[in-house]
Participant: 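Structure below; questions to follow.
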Amino acid sequence: FAFKPRSINLTTMSSAAELNSSCPVSGGDDWTNGGQRWLPPNHDSRCTFRIDKPVCESPHLHQKRKERPKILPDILHHIGNTPLVRVNNITKEEGIECEILVKCEFFNAGGSVKDRIGLRMIEDAERSGRLKPGDVLIEPTSGNTGIGLALAAAVKGYRCTIVMPEKMSKEKVDVLRALGADIVRTPTAASYDSAESHIGVAKQLLNTVANSHILDQYTNPSNPMAHFDGTAEEILEACSGQLDMVVLGAGTGGTLCGVARKLKQRCPDCLIIGVDPLGSILAQPDELNATKVTGYDVEGIGYDFVPTVLDRSLVDRWYKSNDVDSLRMARRLIRREGLLCGGSSGSAFDCALRAVRDFGLGAGKRVVVLLPDSVRNYMTKFLSDDWMIERGHMPDPEDDPSLGPSHTWMSVRVGSLDLRAPLTVAPDVSVSETLELFNRESIDQVPVVERSSGAIVGMATLSNITSRIIRGSLAPTDPVGSAAFDKFTKVTPDAKLGAVSRRLDTDHFVLVVQQQRQFGSAGEAVREFVYGILTRIDLLNFILKMQE
């Protein structure tokens with residue numbers, strides 16, 4: 001999708017500037033074209049809110065909960081007031097004696113907890129005078145915030161453009177298109193501060209599209225305030241203020257921060273548990289984030305930066321989730337409890353069980369786990385046995401002989417392919433020398449590997465280097481190690497081509513690595529060496545050759 005440049009109307013910008021000059025979170029940032037300078041989504045928060053002060057002294061504008069009418073004026077009135085449901089079968093199977101309740105956010109109009117912030121951000125912007133009829137909303141998102149915004153935009157009459165990474169599910173894209181949103185996809189591997197990332201591309205669109213706004217879930221105080229005023233109040237009211245632990249996944253951190261602030265005020269002894277996936281850096285202490293995981297399949301939680309709205313000091317303990325346990329637990333919640341939830345719900349619930357055991361919560365204690373979204377977004381992903389097997393999240397059954405010879409390639413191991421001897425570069429090789437190598441060898445990506453240890457630093461790609469040189473963040477004389485990124489797929493030579501082919505549906509390549517056990521003075525360690533690079537054309541040539 002591409003925009004046609006239009007003239008930028010500067011006459012509507014004063015109200016937005018006035019709004020942001022007093023914003024206690026953004027501190028004057030403005031994601032409105034023609035407005036003030038843009039600051040990154042992880043800049044220091046300037047929020048002056050304190051949990052030891054009464055709400056009447058809060059710097060934010062708060063809203064009181066409203067009773068839902070029997071006949072809804074429009075679908076936006078079906079956002080919030082989601083049910084709190086007791087879990088019965090899984091707790092019994094796990095020998096859990098405390099009461100576990102789940103907050104089913106997939107009952108919101110758009111199917112996720114992000115409907116709350118989509119509506120709140122729009123209404124607050126309208127109230128301030130920032131948004132006007134005919135304006136355009138642009139938002140970088142993993143998908144759910146985009147659906148929440150697109151839903152509200154459809155009802156209210158705004159144009160909406162959603163910028164989202166390629167990793168996000170096809171179902172999310174289809175829902176967004178059905179709501180009338182324009183969609184721009186960006187590389188999943190792109191760092192948040194890269195011009196190629198969903199945040200970087202959204203910023204570029206903002207400078208192109210007239211009367212456009214990025215309401216910016218990463219810095220907008222309306223994000224946590226939607227949960228402080230709404231989600232947390234609903235939990236407290238349903239539980240009559242009696243709860244011992246709340247477990248929440250962290251993405252932008254708005255849900256976690258908003259709920260935690262209210263509970264710290266009204267129920268100070270309640271434990272706040274934060275859930276962050278392996279491969280993300282949100283958890284504390286930082287040692288928890290040490291991992292060789294370079295990506296994860298669960299959507300909607302985790303980031304490679306700490307968003308401004310996330311106040312991590314509110315969390316009593318962090319737990320790291322993984323894809324296998326998260327997605328299997330999500331399927332279990334569906335099968336055993338009838339809760340049609342998404343993958344990040346499995347992350348939260350799996351970590352909740354761990355936390356209950358770690359803190360020794362027994363009979364008479366109450367735990368609330370927030371389930372962020374619906375299985376609707378993942379029908380072709382973790383709900384599919386094939387997808388789970390191909391991603392390594394379920395055991396691979398024996399090959400089915402009924403598939404016939406045209407599919408025999410699916411069971412072939414990657415190591416059977418005649419991959420070229422791997423070409424690598426050392427981190428201290430200059431960018432200009434790497435570009436000369438690309439030209440000479442007719443390649444557009446290369447692994448960056450330490451000279452002495454052979455450790456894989458990352459991948460240097462032509463597209464990433466080009467974009468960084470154009471925006472001035474990389475010079476030809478810089479070492480190529482500074483341009484390498486580590487968000488890519490790694491497989492071993494034993495991986496089956498059927499599974500790898502699914503990876504190549506979204507990734508341009510996979511890095512084939514060989515693992516070696518090495519014993520040294522510090523004990524035994526597992527080292528990885530580059531075996532080769534497998535691209536889509538390599539796979540296609542192999543399949544065609546087998547069918548000759």
Participant: Tyr303: what forms a ring-ring contact (aromatic ring centres under 6.0 Å, His included) with it, not counting sequence neighbours?
Facilitator: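 Listed in chain order: Tyr218, Phe305.
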Participant: Hey, is Lys381 close enough to Glu171 for a salt bridge, meaning N to O under 4.0 Å?
Facilitator: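 A salt bridge is absent here (no side-chain N lies under 4.0 Å from a carboxylate O).
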Participant: Assess whether side-chain hydrogen bond (donor to acceptor under 3.5 Å, both in side chains) is satisfied between Asp325 and Asn322, documenting all intermediate values.
Facilitator: CA-CA 6 Å; Asp325 293 338; Asn322 63 75; 3.0 Å; yes
Participant: On a heavy-atom basis, which atom in Val293 and which in Gly295 lie closest, and how many Å separate them?
Facilitator: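 Closest approach of Val293 to Gly295, heavy atoms only: CG1-O, 3.0 Å.
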Participant: Under the rule for side chain to side chain donor-acceptor pair (under 3.5 Å), what residues qualify as partners of Thr141, not counting sequence neighbours?
Facilitator: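 Scan of Thr141 (side chain to side chain donor-acceptor pair (under 3.5 Å), adjacent residues dropped) gives none.
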Participant: Does Val429 reach the side chain of Arg451, with side-chain heavy atoms less than 4.5 Å apart?
Facilitator: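 They are in side-chain contact.
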Participant: Say you draw a straight line from CZ of Arg185 to CD1 of Ile183; how long is it, rounded to the nearest 0.5 Å?
Facilitator: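 The CD1 atom of Ile183 is 7.5 Å from CZ of Arg185, to the nearest 0.5 Å.
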Participant: Scan side-chain atoms only and decide if Thr145 and Gln217 contain a donor-acceptor pair under the 3.5 Å cut-off.
Facilitator: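 On atom types as modelled, these side chains qualify, holding a pair under 3.5 Å.
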Participant: With sequence neighbours left out, write down each residue that passes ring-ring contact (aromatic ring centres under 6.0 Å, His included) with Tyr378, or none if nothing qualifies.
Facilitator: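 In terms of ring-ring contact (aromatic ring centres under 6.0 Å, His included), with neighbours along the sequence ignored, Tyr378 is linked to Phe382.
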Participant: Quick one, Val246 and Val367 - any side-chain contact, counting heavy atoms below 4.5 Å?
Facilitator: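 Val246 vs Val367: side chains apart.
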Participant: Val414 and Leu419: which non-hydrogen atoms are nearest, and at how many Å?
Facilitator: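 Nearest pair, atom of Val414 first, then Leu419: CG1-CD1, 4.4 Å.
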Participant: Side chains of Val136 and Leu205: does their closest heavy-atom pair fall under 4.5 Å?
Facilitator: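 No - every pair of side-chain heavy atoms lies 4.5 Å or more apart.
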Participant: How long is the span from the CG atom in Leu179 to the CD1 atom in Ile147, to the nearest 0.5 Å?
Facilitator: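 Going from the CG atom of Leu179 to the CD1 atom of Ile147 covers 7.5 Å.
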Participant: Please name the pair of heavy atoms, one in Ser482 and one in Leu474, separated by the smallest distance, quoted to 0.1 Å.
Facilitator: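 Taking Ser482 first and Leu474 second, the nearest heavy atoms are OG-CD1, 3.7 Å.
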Participant: With no hydrogens and no angle check, is any side-chain donor or acceptor of Ser430 less than 3.5 Å from a backbone partner on Pro479?
Facilitator: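 The answer is no, because no donor-acceptor pair under 3.5 Å joins these two groups.
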Participant: With respect to Asn144, which candidate in Asp115, Asn108, Asn377 satisfies the side-chain hydrogen bond (donor to acceptor under 3.5 Å, both in side chains) definition?
Facilitator: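 When Asp115, Asn108, Asn377 are each tested with Asn144, the side-chain hydrogen bond (donor to acceptor under 3.5 Å, both in side chains) holds only for Asn377.
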Participant: Distance check, rounded to the nearest 0.5 Å: Met459 atom CE versus Lys490 atom NZ?
Facilitator: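 Here the interatomic distance stands at 11.5 Å.
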Participant: Which atoms form the tightest heavy-atom contact between Asn464 and Ser467, and what is the distance?
Facilitator: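 Nearest heavy atoms, Asn464 then Ser467: O-OG, 3.0 Å.
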Participant: Any side-chain heavy-atom pair from Thr186 and Val163 closer than 4.5 angstrom?
Facilitator: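 Thr186 reaches Val163 side chain to side chain.
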Participant: Assess whether a salt bridge exists between Arg332 and Glu94, defined as any Lys/Arg side-chain N lying under 4.0 Å from an Asp/Glu carboxylate O.
Facilitator: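 Judged by the 4.0 Å cut-off on N to carboxylate O distance, Arg332 and Glu94 do form a salt bridge.
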Participant: Could you tell me whether Asp216 and Lys203 have a side-chain N and a carboxylate O separated by less than 4.0 Å?
Facilitator: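 So Asp216 does not pair with Lys203 through a salt bridge.
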Participant: Kindly say whether Asp323 contributes a backbone atom to a donor-acceptor pair with the side chain of Asp297 at under 3.5 angstrom?
Facilitator: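 Pair absent, no side-chain N/O of Asp297 close to backbone of Asp323.
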Participant: Test of understanding: with ring-ring contact (aromatic ring centres under 6.0 Å, His included), list the residues that count as partners of Tyr296, not counting sequence neighbours.
Facilitator: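 Tyr296 satisfies ring-ring contact (aromatic ring centres under 6.0 Å, His included) with no other residue.
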Participant: Applying side chain to side chain contact (heavy atoms under 4.5 Å, CB included), name anything that partners Ser501, two or more places apart in sequence or on another chain.
Facilitator: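 For Ser501 the side chain to side chain contact (heavy atoms under 4.5 Å, CB included) partners, ignoring immediate neighbours, are Trp409, Leu539.
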Participant: Can you tell me how far the CG atom of Leu137 sits from the SG atom of Cys160, to the nearest 0.5 Å?
Facilitator: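 Going from CG on Leu137 over to SG on Cys160, the span is 5.5 Å.
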Participant: Between Lys114 and Glu105, is there a side-chain N and carboxylate O pair less than 4.0 Å apart?
Facilitator: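 So Lys114 does not pair with Glu105 through a salt bridge.
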Participant: My understanding is that only residues two or more places apart in sequence, or in another chain, count here; which of them pass side chain to side chain contact (heavy atoms under 4.5 Å, CB included) with Val306?
Facilitator: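 Val306 satisfies side chain to side chain contact (heavy atoms under 4.5 Å, CB included) with Leu282, Leu310, Arg312 only.
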Participant: Short question: side chain of Asp373, backbone of Gly111 - any donor-acceptor pair under 3.5 Å?
Facilitator: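 No; zero donor-acceptor contacts below 3.5 Å.
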Participant: Could I get the full list of side chain to side chain contact (heavy atoms under 4.5 Å, CB included) partners for Leu383, not counting sequence neighbours?
Facilitator: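 Here the qualifying residues are Ile334, Val375, Met379.
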Participant: For Arg335, look at atom CZ and say whether over 12 heavy atoms of other residues, nucleotides or ligands are found less than 6.0 Å away.
Facilitator: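 Count not over threshold, so no.
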Participant: Can you list the residues that meet the side chain to side chain donor-acceptor pair (under 3.5 Å) rule with Arg177, with sequence neighbours excluded?
Facilitator: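 For Arg177, no residue satisfies side chain to side chain donor-acceptor pair (under 3.5 Å) once neighbours in sequence are set aside.
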Participant: Work out which heavy atom in Val480 is nearest to a heavy atom in Ala426; give both atom names and the distance.
Facilitator: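 Minimum heavy-atom separation between Val480 and Ala426: CG1-O, 3.5 Å.
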Participant: Report yes or no: does Thr308 contribute a side-chain atom to a donor-acceptor pair with the main-chain N or O of Pro41 at less than 3.5 Å?
Facilitator: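 It does hold such a pair.
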Participant: Determine whether a donor-acceptor pair (N or O, by modelled atom type, separation under 3.5 Å) exists between the side chain of Thr466 and the backbone of Leu462.
Facilitator: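 Indeed, once roles are kept as given, a pair shorter than 3.5 Å links the two residues.
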Participant: Could you list all the side-chain hydrogen bond (donor to acceptor under 3.5 Å, both in side chains) pairs where at least one residue sits in residues 438-448, not counting sequence neighbours?
Facilitator: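 Not a single pair qualifies under side-chain hydrogen bond (donor to acceptor under 3.5 Å, both in side chains).
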Participant: Distance-only, no hydrogens or angles: does the Arg468 side chain make a donor-acceptor pair with backbone N or O of Ser473 under 3.5 Å?
Facilitator: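 Yes, Arg468 side chain to Ser473 backbone: donor-acceptor pair under 3.5 Å.
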Participant: Keeping Asn207 on the side-chain end and Gln204 on the backbone end, is there a donor-acceptor pair under 3.5 Å?
Facilitator: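 Not confirmed, Asn207 side chain does not pair with Gln204 backbone.
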Participant: Could you tell me whether the side chain of Arg357 reaches within less than 4.5 Å of the side chain of Ile96, counting heavy atoms only?
Facilitator: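 Ile96 reaches Arg357 side chain to side chain.
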Participant: Checking Asn289 side chain against Ile281 main chain: does a donor-acceptor pair fall under 3.5 Å?
Facilitator: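 Looks like yes, one N/O pair under 3.5 Å.
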Participant: Taking the side chain as every heavy atom from C-beta outward, state whether Phe542 and Val412 have any atom pair closer than 4.5 Å.
Facilitator: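 When only atoms from C-beta onward are counted, Val412 and Phe542 do touch, with a gap below 4.5 Å.
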Participant: Taking ring-ring contact (aromatic ring centres under 6.0 Å, His included) as the definition, give me every residue that meets it alongside Trp387, ordered by chain and number, with sequence neighbours left out.
Facilitator: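 Here the qualifying residues are His393.
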Participant: Is the shortest side-chain heavy-atom distance between Leu417 and Leu534 below 4.5 Å?
Facilitator: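 A side-chain contact under 4.5 Å exists here.
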Participant: Applying side chain to side chain contact (heavy atoms under 4.5 Å, CB included), name anything that partners Pro427, two or more places apart in sequence or on another chain.
Facilitator: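 Once residues adjacent in sequence are excluded, the partners of Pro427 under the side chain to side chain contact (heavy atoms under 4.5 Å, CB included) criterion are Val448, Glu450, Val457.
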Participant: Taking the side chain as everything from C-beta on, heavy atoms only, tell me whether Thr380 gets closer than 4.5 Å to Ser169.
Facilitator: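 Thr380 does not reach Ser169 side chain to side chain.
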Participant: Write down the atom of Phe529, the atom of Ile456, and the distance for their closest heavy-atom approach.
Facilitator: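 Heavy atoms of Phe529 and Ile456 come nearest at C-CD1, 4.5 Å.
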Participant: Could you pull out all donor-acceptor pairs under 3.5 Å where a side-chain atom in residues 337-355 meets a protein atom, sequence neighbours excluded?
Facilitator:
residue	atom	partner	partner atom	Å
Glu337	OE1	Asn88	N	3.3
Glu337	OE2	Asn88	N	3.4
Glu337	OE2	Asn89	N	2.7
Glu337	OE2	Ile90	N	2.8
Ser347	OG	Ser326	OG	2.8
Arg354	NH1	Lys320	O	3.0

Participant: Does the salt bridge (charged side-chain N to carboxylate O under 4.0 Å, His left out) test come out yes or no for Arg336 and Glu93, once each step is laid out?
Facilitator: CA-CA 10 Å; Arg336 300 296 295 128; Glu93 293 163 359; 2.5 Å; yes
Participant: Do side-chain atoms of Arg413 reach the backbone of Ala495 as a donor and acceptor pair under 3.5 angstrom?
Facilitator: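 Looks like no, no N/O pair under 3.5 Å.
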Participant: What's the separation between atom CD1 in Ile138 and atom CG in Leu215, rounded to the nearest 0.5 Å?
Facilitator: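 So the gap between those two atoms works out to 10.0 Å.
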Participant: For the residue pair Arg116 and Thr82, confirm or rule out a side-chain donor-acceptor distance under 3.5 Å.
Facilitator: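 Side-chain D/A pair, Arg116 to Thr82: present.
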Participant: Measure from the side-chain N and O atoms of Arg536 to the backbone N and O of Leu504, and report whether any donor-acceptor pair falls under 3.5 Å.
Facilitator: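 Yes, the answer is positive, given that a donor and an acceptor are paired below the 3.5 Å cut-off.
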Participant: Could you give the distance from CG (Leu248) to NZ (Lys103), rounded to the nearest 0.5 Å?
Facilitator: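 The distance works out to 11.5 Å.
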